[in-house]
Amino acid sequence: MPIFWEPLLLYPLAALVIPVAVLIGQRWRGGPLISLSAGATLGVAIYLALMLASFSADPNHVYDNAVAQILSLFGGAVLLLGALSLAFADGLRVRRRAWALIQCALVYGSFVGMLGFYVAPVRFCGGLPSGTYCAPPDLRRFALFAALSLAGPVATLAYALLAQGRAAAAPAPEEPEGLTVSRLGAEEPAGD
């Protein structure tokens, strides 16, 4: 069986989405966390949309866009790990340990949901002598796995937006009266 290397070479590129998302988010305070978590949410949502599109009206029609599905899910998972790292560090830095633990639990649930699509598929397809046959999809299982998969990215995005709102609302400290600011190394005027 021949191995097609071109699609396989795309998978390691998914690791580069973290630096790209961080660079995109450098424009505003808290931006890297927002861009990572928004990217993770978008990646998982694209995967779910492609999977939902595969449930066509014709049960024998198999929507075959596996490379796009795997890349979107893998990219979303990599971004989710980056977002969890930043959210966890920020939660500990500002002493919001409960938020940090909730983030960890929801991201774990997301990975359980993502693995669920592969361990217990929502649609079974098999080969018959007359062709490929696919059973109808189990929409309840799809909804459960989709909700679990989106829990972590949505939670990190909510945390990022709340953290940005807290940081923007903090007033700037005022300088005390009578304080003068001068450059280092500046000569002071000679006094009497």
Side-chain angles (χ1 to χ4, degrees), residues 5-55 63 65-119 122 142-173:
W5 287 99
E6 293 82 16
L8 292 176
L9 294 176
L10 293 175
Y11 298 132
L13 284 177
L16 296 178
V17 297
I18 290 178
V20 170
V22 169
L23 287 173
I24 291 171
Q26 286 296 311
R27 296 284 183 194
W28 60 91
R29 181 175 170 87
L33 179 55
I34 291 173
S35 62
L36 284 169
S37 54
T41 305
L42 185 64
V44 173
I46 289 171
Y47 171 76
L48 294 173
L50 289 173
M51 181 173 278
L52 196 59
S54 71
F55 303 154
Y63 182 79
N65 199 355
V67 173
Q69 282 183 328
I70 291 173
L71 282 177
S72 64
L73 183 64
F74 188 59
V78 168
L79 286 172
L80 181 58
L81 287 174
L84 173 65
S85 300
L86 289 180
F88 188 76
D90 185 65
L92 293 179
R93 183 181 57 81
V94 296
R95 302 195 188 283
R96 297 196 191 308
R97 290 177 182 89
W99 269 102
L101 292 175
I102 289 170
Q103 294 292 322
C104 288
L106 290 175
V107 169
Y108 175 76
S110 289
F111 282 107
V112 167
M114 291 175 200
L115 286 174
F117 282 116
Y118 291 101
V119 174
V122 294
F142 176 79
L144 173 68
F145 290 158
L148 277 172
S149 297
L150 283 171
V154 170
T156 56
L157 182 60
Y159 177 78
L161 293 173
L162 289 173
Q164 184 185 28
R166 282 193 311 267

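In this chain, numbering begins with 1 at the start of the sequence shown. Below, all heavy atoms of this structure are taken into account, side chains as well, without hydrogens, waters or symmetry copies.
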Sequence-distant partners of F88, ring pair (Phe, Tyr, Trp, His ring centres under 6.0 Å), two or more places apart: none
side-chain contact (heavy atoms from CB on, under 4.5 Å) evaluation trace for L162 with W99: CA-CA 11 Å; L162 289 173; W99 269 102; 3.8 Å; yes
Taking all non-hydrogen atoms of both residues, which atom of [X] and which atom of [Y] are closest, and how far apart?
{"X": "F111", "Y": "A77", "value": "CE2-CB, 3.6 Å"}
{"X": "G113", "Y": "L148", "value": "CA-CB, 3.7 Å"}
{"X": "G152", "Y": "S110", "value": "N-OG, 2.6 Å"}
{"X": "A146", "Y": "F117", "value": "N-CZ, 3.8 Å"}
{"X": "L79", "Y": "A21", "value": "CD2-CB, 3.9 Å"}
{"X": "A155", "Y": "Q103", "value": "O-NE2, 3.3 Å"}

Side-chain touch L106/Y159, heavy atoms, less than 4.5 angstrom: no
Rounded to the nearest 0.5 Å, what's the gap from [atom1] on [X] to [atom2] on [Y]? Could you check?
{"X": "S37", "Y": "L80", "atom1": "OG", "atom2": "CG", "result": "9.0 Å"}
{"X": "L157", "Y": "S35", "atom1": "CG", "atom2": "OG", "result": "10.5 Å"}
{"X": "T41", "Y": "L150", "atom1": "OG1", "atom2": "CG", "result": "7.0 Å"}
{"X": "F145", "Y": "L48", "atom1": "CZ", "atom2": "CG", "result": "12.0 Å"}

Contacts of type side-chain contact (heavy atoms from CB on, under 4.5 Å), residue L86, not counting sequence neighbours: P32, L33, L36
Donor-acceptor contact below 3.5 Å, side chain T156 vs main chain L84: no
N/O donor-acceptor pair under 3.5 Å between Y47 side chain and G76 backbone: no
